Amino acid sequence: MAEITYREALKRALREELAHDPDVVVWGEDIVAYGGGGAYGVTAGLSKEFPGRIRDTPIAEEAIVGVGIGAAMGGCRPVVELMTINFALVAWDQIVNHAAKQHHMFNGKIKVPMVMRSPAGFGRTAATHSQNFDAWLSSIPGLKVVEPATPYDAKGLLKSAIRDDDPVFFIEHLQLYGTRGEVPDEEYFIPLGVSERKREGKHLTVVTWGRMLVETMKAAKTLSDEGVELDVIDLRTLRPMDLSLAIESVKKTNHAIVVEEGWRSIGLGAEIVASLQEQAFNYLDAPIARVAGLEVPMPYAKNLERATLPFADDVVMAVRAMLANKY
Amino acid sequence: MGMDMNKDELIALYRQMLLIRIFEDKSAEMYAKAKIGGFLHLYNGQEAIAVGALSALRPDDDLVTHYRDHGYALARGLNANAVMAELFGREGGTTGGRGGSMHLADVDKHFWGGYAIVGGHLPLAVGLAYANVHHKTDRIVMCVMGDGSTNIGTFHAALNWAQLWKLPVIFLVENNMYAMGTAINVHSAVIEIYKKASAHDMYAERVDGKDVLAVHEVVCRLAERARGGEGPALLEAVTYRYRGHSMADSDVQRSKSEIAEQKMRDPIPTFAENVLLKRNLLTQADMDRIQKEIEAEVEAAVQFADASPEPALNTLYENIYAHPVANMQSGGSLIGPATLYSGNGKHG
């Protein structure tokens, strides 16, 4: 099996689905010509393979999402790219009041089979370009939210998202585009709404997703050298959220930490902690902890940005602290 | 104008306008009786636009409207019973009581809904038009909005995109001179709304929105143009609404004399006198009979709505997703279908 990047895995998913279904169209800002295909290169080359179906749009996110919704209502399967998740705020009315509402409000008669792809993350881009709205997006009935961490998951989940009949917000991550992983040449799908155990361990459960899975796996290696084995659950889909594996894991390890990149308060971690204690309270040997981003608008300075975000070291310290009394 | 329409078609225009007027008056009455809740935006005074415009389109042309949508629903041929039942929030309504007054729809009749976020539906109309072109149909899209929506970002984003991709959309602006209660000279720098299309190099016209045949004639031309691949157009129909923005509006900002003056040229009797009676298509006795027939139809709609059951509680979770997957409700929630089925309220 060949190792490819997360970026290439996404492109392969788009290519396969464009070839599979003539109703799939891909629209976004600067996705055809600029830099050879998108600000982050995911669509590079596709416009030559599928002329007319990969199109540049105006910089008008409310229209990119809204025109996509209309096209989806009319039987197309648009994959729209929002250059960064920060710009999704310009389209917020279309995402929340239109995409997520159509099917229910019109009593099942209208479908919106549309994917909104958008990278979250950071990279010395300061406060308005370094956010992740996974918690906001995941709180909306009618929307599905996916955030893959590996190239393998990115490809399989994007293909499922494109074939899904509901609006899916597909969160990518700037820091993951260049990461590599094994992806088979054969076609495969990963179902939405199914979590996966990424590492087996008996001492402590980590529930995470997206970039923080990568950091957690680094932390797991460090901790393994100390004799602590993490059981790592990757949620992969944030709405609907599958906590079955996480609950099963907590019942085994009796310890849990939720690791997320976003702001701590009212974050997804808070929701996950609440659900875990509702369903596995009697199995817990310690309060569930959270590792999360600091609650400040992201500064530009390199040292301040680094201090704001959680990395593997933060996971290692949190695990050590929780298990300190035990080992 | 209207010379291409035969007697039956002209009488149908009259019947539709009258149906809308009587339906709206009855809706106001039902709102006062608390049979209808929330917002109720009535169409009195503007009937000639919906009726004139839809009579110029094919039944399979797509329609997307604002929330003042009762007139469009009735003119598109939705059953008055189902429309009234929707206003009542009942199972027999157009969307089973999910959408209410502002979100009437019938996809089988290519009416994709009334939308209630000002300007929010304009991009959707552009997308529907793209889908029509993508699927190589010659169906066009009519997108209806009020003058108040022409100041918001989506108005310009949608017009730009439609013109850029030469998509078959008619943007129909009902200029009733007020955005809620704010007069047009207070809310818009450009009071001749059709001129705003020029910013996007879009063809535009202005029509008397109280003249049903004038609206019909211009929409026929714009539809032919869009269907022929000549791209979108904007039509400003100048009109006036007789009631406040919604039933919750005390309407103190408009003077009584202004409203009275506008009612002097009411689109329905004007059409009846200038066309139907003048050309001897109907007698006054015919018109009295039609009035009674429509009153009976609307009364029957009220009876139907009243008899229609409330939506069943165990349908509450239906259609949130077209493709539900496992674990749809997040684990551990105390608010779930099981407690609703038992009828014990939210906290089982």
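Here is how names work: the chains are called A, B, and so on, in the same order as the sequence lines, proteins then strands, and each is numbered from 1. Just so it is clear, the model here is predicted, and its values are computed rather than measured.
Contact detail for B:Trp112 and A:Phe106: the closest heavy-atom pair is O-CZ, 4.0 Å. Residues A:Ile140 and B:Tyr321 come closest through the heavy atom pair O-OH, 4.1 Å. Here the closest non-hydrogen pair linking A:His104 and B:Arg98 is O-CG, 3.5 Å. In terms of heavy-atom proximity, B:Val325 sits nearest to A:Gly193 at CG2-CA, 4.4 Å.
For B:Leu164, the part sitting under 4.5 Å from any heavy atom of chain A is the side chain, from C-beta outward, and nothing else. Proximity to chain B (any heavy atom under 4.5 Å) is shown, for A:Lys109, by both the backbone and the side chain. Heavy-atom distances place no part of A:Gln277 under 4.5 Å from chain B, backbone and side chain included. Proximity to chain B (any heavy atom under 4.5 Å) is restricted, for A:Val25, to the side chain, taken from C-beta onward. A:Pro167 does not touch chain B: none of its heavy atoms, backbone or side chain, sits under 4.5 Å away. Of the two parts of A:Gln94, only the side chain, counted from C-beta on, holds a non-hydrogen atom closer than 4.5 Å to a non-hydrogen atom of chain B. Residue A:Asp93 touches chain B through its side chain alone, counting heavy-atom pairs closer than 4.5 Å. For a residue to count as touching a neighbouring chain, one of its non-hydrogen atoms must lie under 4.5 Å from one of that chain's; by this rule A:Ile59 does not touch chain B.
Comparing A:Ile110, A:Asp23, A:Val90, A:Val112 by heavy-atom pairs within less than 4.5 Å of chain B, the highest count is held by A:Asp23. Annotation: maximal heavy-atom pairing with chain B below 4.5 Å, among A:Gly74, A:Gly52, A:Pro78, A:Ala72, occurs at A:Gly74. The candidate with the highest count of non-hydrogen atom pairs below 4.5 Å against chain B, out of A:Ile247, A:Leu276, A:Leu143, is A:Leu143.
The environment of CZ in B:Phe39 is sparse: at most 12 heavy-atom neighbours from other residues, nucleotides or ligands sit within 6.0 Å. Counting non-hydrogen atoms of other residues, nucleotides and ligands closer than 6.0 Å to CZ of A:Phe50 gives a total above 12.
Note that CH2 of B:Trp161 and CH2 of A:Trp27 are 6.0 Å apart. Values are rounded to the nearest 0.5 Å. Taking NZ from A:Lys111 and NE2 from B:His323, the interatomic distance works out to 10.0 Å, rounded to the nearest 0.5 Å. Rounding to the nearest 0.5 Å places OH of B:Tyr115 at 11.5 Å from CG of A:Asn97. With rounding to the nearest 0.5 Å, the separation of NZ in A:Lys101 from CD1 in B:Ile320 is 11.0 Å.
Applying a 4.5 Å heavy-atom cutoff, the residues of residues 121-142 of chain B that approach chain A are B:His121, B:Pro123, B:Leu124, B:Val126, B:Gly127, B:Leu128, B:Tyr130, B:Ala131, B:His134, B:His135.
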### Task
Kindly determine whether A:His98 and B:Ile117 satisfy side chain to side chain contact (heavy atoms under 4.5 Å, CB included), including the steps that lead there.
CA-CA 9 Å; A:His98 294 84; B:Ile117 303 295; 4.0 Å; yes
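Of the possible polar contacts, none joining the B:Asn319 side chain to the A:His103 backbone as a donor-acceptor pair under 3.5 Å is found.
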